[in-house]
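For reference, the structure is listed below as structure tokens.
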Number of protein chains: 2
Amino acid sequence: MGLRDRKKQQTRSALTAAALRLADERGLDHVTVEEISAAADVSSRTFFNYFATKDDAILGEPVIDNETVCRRLLELPRDVPIVDAVLTVFEPAIEVMQADRELWLLRMRVIKDNPSLLLALFTQGAAKEQEFIAAIAARVGLTPADTFPQLASVVTGSAFRIAMMRWATAGPDDQLADFVRESFRMVATGLADPTTKGT
Amino acid sequence: MGLRDRKKQQTRSALTAAALRLADERGLDHVTVEEISAAADVSSRTFFNYFATKDDAILGEPVIDNETVCRRLLELPRDVPIVDAVLTVFEPAIEVMQADRELWLLRMRVIKDNPSLLLALFTQGAAKEQEFIAAIAARVGLTPADTFPQLASVVTGSAFRIAMMRWATAGPDDQLADFVRESFRMVATGLADPTTKGT
DNA sequence: GTAAAACTTTCAGGCACTGCAAACTTTTAT
DNA sequence: ATAAAAGTTTGCAGTGCCTGAAAGTTTTAC
């Protein structure tokens, strides 16, 4: 990787860092793209060379590329239940996020305080969601137009996001992986009342 | 209801109708608020007296008020599983939508063609979602900060939206209620593989 | 009929975001 | 080393969403 690409990477993370810091201090609505750009020492036009929207600078790049996730999903044995399978293929992403804990906690805090970002979080990777749905469909021998793959995709995604939110408000020793497992288990049990689980 | 309120209602639906028609014809990005307002014979500033954003004009008002839903949810016996309970309290909304089938199919078509609206659909009523989460929490004796109520809220919401999408692409004799029941049953079975259901 | 209340419009302006073309920087080829 | 090529940053002009304030219009209440 040449000098040019290193610089680009640097600028990109400088922009995200500035966006997160400023949004955390004042709320995203009271931070302009111009201010973020100035804090990262670039023009505001350059900001938009890196991110399509102001929100995107907060969200950063996807943790893992969708293609890898889908490939691994198809490699798993067919008799693994879909919830377990998705949990398995998400594991690398979980590790990456856990390793970057500080960054992610800040990010989640900002997201929580900004409803518009909450939406964005729900669609982060939604562009690629079709591929994910197709992978699930292939696993069970259905088509992407069927209900099951669509539902499995959006429900597992939702469970993951809830786990992220819980992690963000938890203590410093809590592991994201545990929250994700908790959410996924609840989904796998069909949202059975957890308080009567023991009967 | 006086003349004034009747007029307001009229203007509101004229705006939604114009927004839907134009967005369906050209795509939402190629329709300006000014055009929508002109089609409904009001100024564009008035548009924003009715809807906070352009997207909101497409989405229209929530079908049922959240308060009613939450109240009915708490009235149901505690031993009804949460998925069934939510399905029950959503039923009035389903009927209203089924009655307005034409409008909703158009709306769903527009939403499908506009990724940004897809997000909005996922947050429609998210402002009120806290109340819904609290109602679920109360049902099972947990707090809104616990995982279960948050997960149950977002998962049932997701299932409902998937059902809407399926309905929108289905034949003219298909009932929304059937798609919702299908989705909810899949959730209740923990996303078990539907192709091996019979074993 | 008149005054108050509610609603609409016009106006001025902020900010996100885009296309374009000019300037600049890094890389490549010679 | 140098010049061309390729890629990046920037300023500029412009569109469109959305907002606050003030002035104008319609509806309601008495």
Side-chain angles (χ1 to χ4, degrees), chain A residues 1-16 18-20 22-23 25-61 110-111 114-120 123-124 127, chain B residues 1-16 18-20 22-23 25-61 110-111 114-120 123-124 127:
Chain A
M1 182 187 278
L3 167 68
R4 211 214 233 40
D5 300 85
R6 228 173 310 130
K7 259 189 157 175
K8 278 190 77 171
Q9 200 53 44
Q10 218 173 311
T11 301
R12 177 176 276 272
S13 43
L15 282 170
T16 298
L20 281 173
L22 293 170
E25 286 169 11
R26 318 181 207 161
L28 188 57
D29 297 350
H30 302 102
V31 178
T32 67
V33 168
E34 200 160 0
E35 288 168 324
I36 297 170
S37 311
D41 267 309
V42 293
S43 75
S44 48
R45 188 62 185 83
T46 296
F47 177 97
F48 288 109
N49 287 342
Y50 282 86
F51 300 103
T53 68
K54 187 166 73 162
D55 290 1
D56 284 347
I58 299 287
L59 298 175
E61 315 164 74
V110 172
I111 289 173
N114 290 86
S116 72
L117 286 174
L118 247 178
L119 304 186
T123 36
Q124 192 189 27
Chain B
M1 182 188 281
L3 167 66
R4 170 120 85 220
D5 300 85
R6 229 174 308 129
K7 260 188 158 176
K8 278 189 75 172
Q9 200 53 45
Q10 217 173 311
T11 301
R12 178 176 275 272
S13 43
L15 282 170
T16 298
L20 282 171
L22 292 171
E25 285 170 11
R26 319 180 207 161
L28 188 57
D29 297 349
H30 301 102
V31 179
T32 68
V33 169
E34 200 160 358
E35 288 168 325
I36 297 170
S37 310
D41 266 308
V42 293
S43 76
S44 47
R45 187 63 183 82
T46 295
F47 176 98
F48 288 110
N49 288 341
Y50 282 86
F51 300 104
T53 67
K54 186 167 74 163
D55 290 1
D56 283 347
I58 299 287
L59 297 176
E61 316 164 76
V110 172
I111 289 172
N114 289 86
S116 72
L117 286 174
L118 246 177
L119 303 187
T123 37
Q124 193 189 27

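Numbered from 1 within each chain, the chains take letters A, B, ... in sequence-line order.
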Heavy-atom pair of closest approach, residues [X] and [Y]:
X      : Y     : answer
A:K54  : A:I36 : CG-CD1, 4.3 Å
A:I111 : A:L59 : CD1-CD2, 3.8 Å
B:L15  : B:S37 : CD2-CA, 4.1 Å

Within a strict 4.5 Å, meaning less than it, do heavy atoms of the A:I58 and A:T16 side chains meet?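 With C-beta onward as the side chain, the pair stays apart.
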
Pairs under 3.5 angstrom, nitrogen or oxygen only, protein versus nucleotides 26-29 of chain C, please.
residue: C:dT26; atom: OP1; partner: A:K7; partner atom: NZ; Å: 2.9
residue: C:dT27; atom: OP1; partner: A:L3; partner atom: N; Å: 3.2
residue: C:dT27; atom: OP1; partner: A:R4; partner atom: N; Å: 3.3

Pair listing, salt bridge (Lys or Arg N to Asp or Glu O under 4.0 Å) test, anchored in residues 25-45 of chain A, at least two apart: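 Listed by first then second residue: A:R21-A:E25, A:R26-A:E35.
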
Nucleotides 12-24 of chain C: protein proximity per nucleotide (B base, S sugar-phosphate only, - neither; heavy atom, under 4.0 Å): ----SBBBB----

So, using ring pair (Phe, Tyr, Trp, His ring centres under 6.0 Å) as the criterion, who are the partners of A:F47 when residues are at least two apart?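 Ring pair (Phe, Tyr, Trp, His ring centres under 6.0 Å) check on A:F47 returns A:F51.
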
For B:F48, what residues pass the ring pair (Phe, Tyr, Trp, His ring centres under 6.0 Å) criterion, not counting sequence neighbours?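 Partners of B:F48 by the ring pair (Phe, Tyr, Trp, His ring centres under 6.0 Å) criterion come out as none, since no residue qualifies.
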
To the nearest 0.5 Å, tell me how far [X] [atom1] sits from [Y] [atom2].
X     : Y     : atom1 : atom2 : result
A:D55 : A:L28 : CG    : CG    : 6.0 Å
A:S13 : A:L20 : OG    : CG    : 11.0 Å
B:Q10 : B:R6  : CD    : CZ    : 8.5 Å

Leading and trailing nucleotides of DNA chain D with any atom under 4.0 Å from heavy atoms of chain A: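 Terminal contacting nucleotides, 5' to 3': D:dA6 to D:dC12.
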
Atom CG of A:N49 and atom P of C:dT25: how far apart are they, to the nearest Å?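 Computing the A:N49:CG to C:dT25:P distance gives 16 Å.
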
Using a cut-off of strictly less than 4.0 Å, decide whether B:T46 has a side-chain nitrogen or oxygen near OP1 or OP2 of C:dT8.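 Negative; the distance criterion is not met.
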
